[in-house]
Amino acid sequence: MVGYCENIPVYVAIGDNQAAFLGSVKDIEHSIHITIGTSSQISVCTDRYVEIEGLDIRPLPGGGYILVGAPLCGGASFAMLKDFFADTVKLFTGIEKSSHELYERMISIPYQTNTNDGIEVETLFSGTRVEPDKRGKIDHISLSNFTPENLIRGFVKGISQSLYDYFRLIPDSVRQNKTILVGSGNGIKKNPLIRQALEERFGYSLYLSNVQEEAALGACVCNMVSDKK
């Protein structure tokens with residue numbers, strides 16, 4: 001605490017990433033925290049400072065650090081696909097569908113695990129922090145697999161893969177004991193297909209945060225602990 005303003009205690013701010021991490025995970029040492037909104041982030045804690053190209057390392061209140069991979073397109077990729085479907089429907093029917101109706105239809109399709117005939121999507125539509133000019137791609141299209149359902153599945157698997165690619169940059173010594181997958185953010189909570197894709201890609205069951213504003217909770221927890229000290 002830094003002081004008071006009209007008898008209201010004022011605390012030092014912490015980063016939104018750290019706050020969301022603290023507000024989402026229960027087992028800090030063993031958790032992989034993934035949040036998906038417009039962008040996405042994957043965060044794991046480490047007790048030592050290490051610099052890895054492509055990853056951020058940020059101080060964690062209470063001690064240690066978190067290694068963070070942050071794809072620029074998370075939920076934005078799925079929104080882009082929704083807009084494509086909206087434009088297609090309007091072009092051929094003249095009907096404008098609401099975003100809610102389109103999202104509901106998109107997430108209602110059945111998920112399928114990896115098959116040899118699936119569409120592969122690299123969701124780097126805004127580039128990366130290291131390569132801002134890089135762009136996404138849709139690959140492995142055949143005469144038989146180019147369907148809306150396969151395109152939707154390809155996008156959610158691509159979002160999951162982009163996060164897993166960052167996870168693979170983490171040293172084995174840090175990564176080997178991370179066995180709890182925790183998800184937060186509307187891009188995960190409102191999309192069962194993304195949840196299934198994350199579980200398939202990481203190989204762990206996904207646990208959802210049970211609060212709506214994880215970062216606000218994390219900031220409160222951090223300051224409650226500092227108050228006791």
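Every heavy atom of this structure was used, including side-chain atoms; hydrogens, water molecules and symmetry mates were not.
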Can the ring centres of Phe155 and Phe125 be said to be less than 6.0 Å apart?
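For Phe155 and Phe125, the ring centres are under 6.0 Å apart.
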Any donor-acceptor N or O pair under 3.5 Å, side chains [X], [Y]:
X	Y	value
Asn17	Gln41	yes
Ser99	Lys82	yes
Gln161	Arg201	yes

Within 6.0 Å of CG in Asp165, more than 12 heavy atoms from elsewhere:
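Above 12, so yes.
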Lys189, NZ: over 12 other non-hydrogen atoms inside 6.0 angstrom
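Yes - once you tally the heavy atoms of other residues, nucleotides and ligands closer than 6.0 Å, there are more than 12.
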From CG (Leu163) to CD1 (Ile34), nearest 0.5 Å
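Here the interatomic distance stands at 5.0 Å.
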Let me check something: do [X] and [Y] share a hydrophobic cluster, defined by ILVMFWY side-chain heavy atoms less than 4.5 Å apart, either directly or through other members?
X	Y	answer
Ile66	Leu181	no
Leu81	Leu198	yes
Phe21	Ile57	no

Pairwise side-chain contact, Ser144 with Asp117, heavy-atom cut-off 4.5 Å (strictly under)
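The answer is yes, as the side chains (C-beta and beyond) meet within the 4.5 Å cut-off.
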Do Val130 and Glu53 have side-chain heavy atoms sitting under 4.5 Å apart?
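The answer is yes, as the side chains (C-beta and beyond) meet within the 4.5 Å cut-off.
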Over all atoms of both residues, closest heavy-atom pair of Leu55 and Gly69
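Scanning both residues completely, I find the closest heavy atoms to be CD2-CA, 3.7 Å.
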Does a side-chain N-to-carboxylate-O contact under 4.0 Å join Glu199 and Lys157?
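Salt bridge flag = no for Lys157 with Glu199.
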Test your reading of the model: is there a side-chain donor-acceptor pair from Ser31 to the backbone of His33, 3.5 Å cut-off?
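No, because the side chain of Ser31 does not come within donor-acceptor range (under 3.5 Å) of the backbone of His33.
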Criterion salt bridge (charged side-chain N to carboxylate O under 4.0 Å, His left out) on Arg175 and Asp172, from CA distance to verdict:
CA-CA 5 Å; Arg175 193 175 57 187; Asp172 288 342; 2.5 Å; yes
Establish, yes or no, whether the cationic atom of Arg48 lies under 6.0 Å from the six-membered ring centre of Tyr65 and within 45° of the ring axis.
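No, Arg48 and Tyr65 do not form such a contact.
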If you apply the rule salt bridge (charged side-chain N to carboxylate O under 4.0 Å, His left out), what do you find for Glu200 with Arg153, and how did you get there?
CA-CA 12 Å; Glu200 180 186 14; Arg153 285 187 282 261; over 6 Å; no
